[in-house]
Amino acid sequence: MIYVVGIGPGGYDGLTGEALEALKTCEVISGYKRYVELVKDFFPEKFFMSYPMRSEVARCEEALKVAEMGYSVALISSGDAGVYGMAGIMLEVAKGLADIKIIPGVTAANSAAAVLGAPLMNDYVTISLSDLMTDWEIIEKRLRTACNGDFVICLYNPASHHRPDSFKRACDIMLRYKPPETVCGYVRNINRPGQESKLMTLDEIRDCEEIDMLTTVIIGNSQTYALDGKMITRRGYEKAVRSEEVGGRNEEL
Ligand code: SAH
């Protein structure tokens, strides 16, 4: 059996009950070394396989071999394994030959939103700024499309040493569609030692030096505002109340 487990944003606290159960049940825990370090102390009796970055296919092939030898393996991803994580590649590598169970986790967008307030109260998108597997032109197109739709935008992989300007470039595109005072926020190291977060405007966050690979950024839409240091996106209750008053529908609130 191979469990593909999203371990949430940080340590033990961020694990769902189901993820915890899978990690307790399995014999081998496998994953990127930074994530293995996050869970290692809590499961000292397990056998660990830790890997450097960009060894995703090898991780899956070896998990498959270990499972074929009769051991149960938990292949871990941070956040949710199905969001820029290991779930898809594991299913592709296994080609139906192994029993695979995907265990969902709390993705960075949701945990960042909770730290910042309630910015995801209406429709939102996630966009990764990593051009390792997606061409930059496509990323730009998605940013423009999300701005056109007035979505709240969660940015994953916002900047790295290899592409220090990608976040600024993304902000410059969004500044063509959104006012500079648009409320935004970032959270760095969510649920990990050194967690930090800040609310800013779009033109301020463009030049923020703290944005890196350990950061998730949330860019508000036209309904997002700051209240008592929290970021809130209006869902539209005023409209729902007005519509109720004139005898209209009332969706679940
Ligand atoms: N599968 C993960 C995402 C992996 S992509 C998930 O569902 O959350 C890696 C990106 O996720 C990082 O560059 C960052 O933007 C975001 N991220 C993941 N964990 C984070 C954390 N603890 N704090 C801040 N951002 C995080």
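Small disclaimer: the values here were computed from a predicted structure and weren't measured. Both ligands and their constituent atoms are indexed starting at 1 by order of listing. Position 1 is the first residue of the sequence; numbering continues from there.
- A donor-acceptor contact closer than 3.5 angstrom is absent between the side chains of T233 and N122.
- Ligand 1 has no nitrogen or oxygen under 3.5 angstrom from a nitrogen or oxygen of G10.
- Residue N157 holds the heavy atom nearest to atom 5 (S) of ligand 1 of all those in N157, V187, N110, N191.
- Closest protein heavy atom to atom 11 (O) of ligand 1: Y156 CD2, 3.4 Å.
- At least one N or O atom of D80, backbone or side chain, sits closer than 3.5 Å to an N or O atom of ligand 1.
- Closest heavy-atom approach to atom 7 (O) of ligand 1 within the set D212, L38, V106, T107: this belongs to T107.
- Scanning the protein for heavy atoms near atom 19 (N) of ligand 1, the closest one is R192 NH2, 3.7 Å.
- Interface of N189 with ligand 1, defined as ligand atoms under 4.0 Å from a residue heavy atom, comprises 23 (N), 24 (C).
- Distance from atom 3 (C) of ligand 1 to its nearest protein heavy atom, with residue and atom name: V83 O, 3.6 Å.
- Linking Ile, Leu, Val, Met, Phe, Trp and Tyr whenever their side-chain heavy atoms come within less than 4.5 Å leaves M174 and V152 in two separate clusters.
- Closest to atom 4 (C) of ligand 1, if we only count protein heavy atoms, is Y84 O, 3.6 Å.
- Geometrically, R59 does not engage Y32 in a cation-pi contact defined by less than 6.0 Å to the ring centre and at most 45° from the axis.
- The protein heavy atom nearest to atom 15 (O) of ligand 1 is T215 O, 2.7 Å.
- In summary, the atoms of ligand 1 found under 4.0 Å from a heavy atom of T216, numbered by their order in the structure, are 14 (C), 15 (O), 16 (C), 17 (N), 24 (C), 25 (N), 26 (C).
- Ligand 1 lies nowhere less than 4.0 angstrom from a heavy atom belonging to S77.
- Residue, atom and distance of the protein heavy atom nearest to atom 8 (O) of ligand 1 are A108 N, 2.9 Å.
- Which parts of ligand 1 touch P158 is read off a 4.0 Å heavy-atom cut-off, strictly below it: atoms 15 (O).
- Looking at E204 and K198, no side-chain N of the basic residue comes within less than 4.0 Å of a carboxylate O on the acidic one, giving no salt bridge.
- In the model, Y51 has no side-chain atom that pairs as donor or acceptor with a side-chain atom of E56 under 3.5 Å.
- When only non-hydrogen protein atoms are considered, atom 23 (N) of ligand 1 lies nearest to I190 N, 2.9 Å.
- Some N or O of S78 is nearer than 3.5 Å to an N or O of ligand 1, by distance alone.
- Per-residue contacts place M213 under 4.0 angstrom from the following atoms of ligand 1 (heavy atoms of the residue considered): 12 (C), 13 (O), 14 (C).
- Contacts of S128 classified as side-chain contact (heavy atoms from CB on, under 4.5 Å), with partners at least two apart in sequence or in another chain: Y84, S130, Y156, N157.
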Steps toward side-chain hydrogen bond (donor to acceptor under 3.5 Å, both in side chains) verdict (N221, T224): CA-CA 5 Å; N221 72 1; T224 307; 3.1 Å; yes

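- For the residue pair D212/T215, the side-chain donor-acceptor check at 3.5 Å is satisfied.
- Aromatic pair Y12/F42: ring centres closer than 6.0 Å.
- In summary, the side chains of N148 and T145 do not present any donor paired with an acceptor at a separation below 3.5 Å, with no hydrogens or angles considered.
- Taking 4.0 Å as the cut-off between side-chain N and carboxylate O, E61 and K65 do not count as a salt-bridged pair.
- Taking a cut-off of under 4.0 Å to the non-hydrogen atoms of L214, the atoms of ligand 1 that pass are 23 (N), 24 (C), 25 (N).
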